Visitor: 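Have a look at this one.
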Amino acid sequence: MTRSSAVRWVPVLLFAACCSAHSRSPWTPPGDVATAGSDAYAWSLFVALNWPADPDRRAADPSVRLGADRPTVWETWKNSADIFLHDGADPGPWNGPPLTDDRRFEVISPRDFPNLKHIVNGRMVPVADPLADAKRLVEVRVNRLSFEYIRAHRLYNVEGQLAAVANGGRVSFPSGAIDVKAAWRPIEAAEASRYHTLTIKLADGSRRLYGLTALNIAAKNRPNWFWASFEHADNQLRADGDGWLHPSRDTFACRGRPSDCNGSPTKIGLEGTVWQYYRLRGTLTRFVDAANRPLLLGNSELEAGLQATASCITCHARASIGEVDGTPTRLPVFKAGSLRNGYVGRPDPEWFRGTDATGHRYPAFQPLDFVWSLSQAASERGMPRARSAEVSGDPP
Amino acid sequence: MKALWLTSSVVCAALYLTVSMADIRQLPVDSATPAAPGGPDPAKFTTEAHWETAGYNNQEIVYTILINSQDSRIIHCSTELHGFYLENGQKVSISDRQNSTIFPGQQGKAGNWLGMDKDSGATYKVTCHPR
């Protein structure tokens, strides 16, 4: 080890020895929520996943401090567009080339909506560059364990998913699988010291600065999924945002204070970094509380417009696939007749049943282990992407 | 009822609809745009409109107007849209016009509009003429 590299390692090793809430390295995702408590576990995940990455290894670079201006670990993971290809083909091995910006994000495009227009300065104008015109950019990424499971079980296309759940088959991701969903917004250069940033090349060749505004983490953990929702502190006052309809719940950052203190935890290495401006809005591992009331958790960026009926766990419980009249079909995200009214509370087994021609109820939809991103899968035979059932399974 | 629909297809000058919260999925309405005296027969078409969600987490709302040609000719259509959007909590009116060409017997999208407030509703008017 050279002197300079040794010097570079000193603060990192000091951080690891002194400041981590656990004995593990802070850049290593924690293994078990039970040993840490939900909110402490959420922050451990947050630190590990936001650790600066070595892009070649697509993993944390322990020689760099948290907060270094680099892509994070999760930004080197496979993007959903990497996995669910338009032709339903095998996405190839983990170490494939990274995506370009125009494919990285889930944007509403004129390719899907011809003659698409949006509102700019009080006028309807055509959407010319979906990236540039999007109010916010959203992306989904999965870690290697999750990706390898998808690939091994051919869940990257509709036919593979149907085969996986046929004849009593079950989709069950391994413990340690992690999915993240992130939202980015254009920011001013003056705001860059408060945000994890990204510069994107637009269609006209110009470059635009974006700040990370929200990060939802779903981690499979012995044997259930764990959800943690983070937002930038500025979101609650954003003029063009929804505000925070529910108070934050964070017993880790708010030790000794009410759990809605909206604080940043100390002694886990966030001080002096952009990450101190992010807040844990809450975690979720159960459908209902002790009084059988639905547990809600909504992110003002990632669940914009649906915070009032947002329950990560209930919504994700509806991730499913089935065949209705020979057509691949999924349960809809929202209740029939509503645009953004979600399901909360315990899943109803009737959701997953259909009615055949004789009026007999049968199990029409098979769960996909809470992983909604699987709904992006296309058919390898050119069939239409699985549609959402109109009202199938909705209780009367 | 069927006769009424048929009548409307002959005499209706243009289609003008209000879509509200309760009308997310509308029944198609037969329509025809009258021709000038001595001109060609009026264009025959139906329209439908709906609100839908889009984007990964369905976080965006798109208002879509479809035109179904029931004509053996190519028809040219003009769609006028009136709706609202929210700016800093205030309801603001917005309108737009979109021209489209629909081939015989086919369905075409008059347009897709992003960012309007569904709860405030929207109205539209479609006028079509044969080529």
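The sequence lines fix the lettering, A, B, ..., with proteins before strands; numbering per chain opens at 1. Just so you know, these numbers use all the heavy atoms, side chains as well, and skip hydrogens, waters and symmetry mates. Note that the structure is a prediction, hence the values are computed from the model and not measured.
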Visitor: Search all heavy atoms of B:K109 against all heavy atoms of A:N115 and return the closest pair with its distance.
Guide: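 Heavy-atom minimum between the residues: O-ND2, 3.4 Å.
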Visitor: Say whether, by atom type as modelled, one donor and one acceptor occur between the side chain of B:N112 and the main chain of A:P114 under 3.5 angstrom.
Guide: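 Flag set: sc B:N112 to bb A:P114 pair under 3.5 Å.
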Visitor: Taking all non-hydrogen atoms of both residues into account, name the closest pair between A:G122 and B:Y85 and its distance.
Guide: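 Shortest heavy-atom separation between A:G122 and B:Y85 comes out as CA-OH, 3.3 Å.
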Visitor: Hey, does A:M124 have a side-chain heavy atom less than 4.5 Å from the side chain of B:Q98?
Guide: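 When only atoms from C-beta onward are counted, A:M124 and B:Q98 do not touch, as no gap falls below 4.5 Å.
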Visitor: Considering only heavy atoms, which portion of A:R123 lies under 4.5 Å from any heavy atom of chain B: side chain, backbone, both, or neither?
Guide: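 Backbone of A:R123 only, per the 4.5 Å heavy-atom cut-off to chain B.
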Visitor: Of all heavy-atom pairs between B:R97 and A:K117, which one has the smallest distance, and what is that distance?
Guide: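 Shortest heavy-atom separation between B:R97 and A:K117 comes out as O-NZ, 3.4 Å.
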Visitor: Which value, rounded to the nearest 0.5 Å, describes the distance between A:L116 atom CG and B:T64 atom OG1?
Guide: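 So the gap between those two atoms works out to 8.5 Å.
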Visitor: Under 4.5 Å heavy-atom distance to chain B, tell me which part of A:I119 shows up: side chain, backbone, both or neither.
Guide: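 Both backbone and side chain.
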Visitor: Against chain A, label B:V92 side chain, backbone, both or neither, depending on which of its atoms sit under 4.5 Å from a heavy atom there.
Guide: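 Neither the backbone nor the side chain of B:V92 comes within 4.5 Å of chain A.
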Visitor: Just how far is it from atom CD of B:E60 to atom CZ of A:F113, taken to the nearest 0.5 Å?
Guide: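 Here the rounded value is 10.5 Å.
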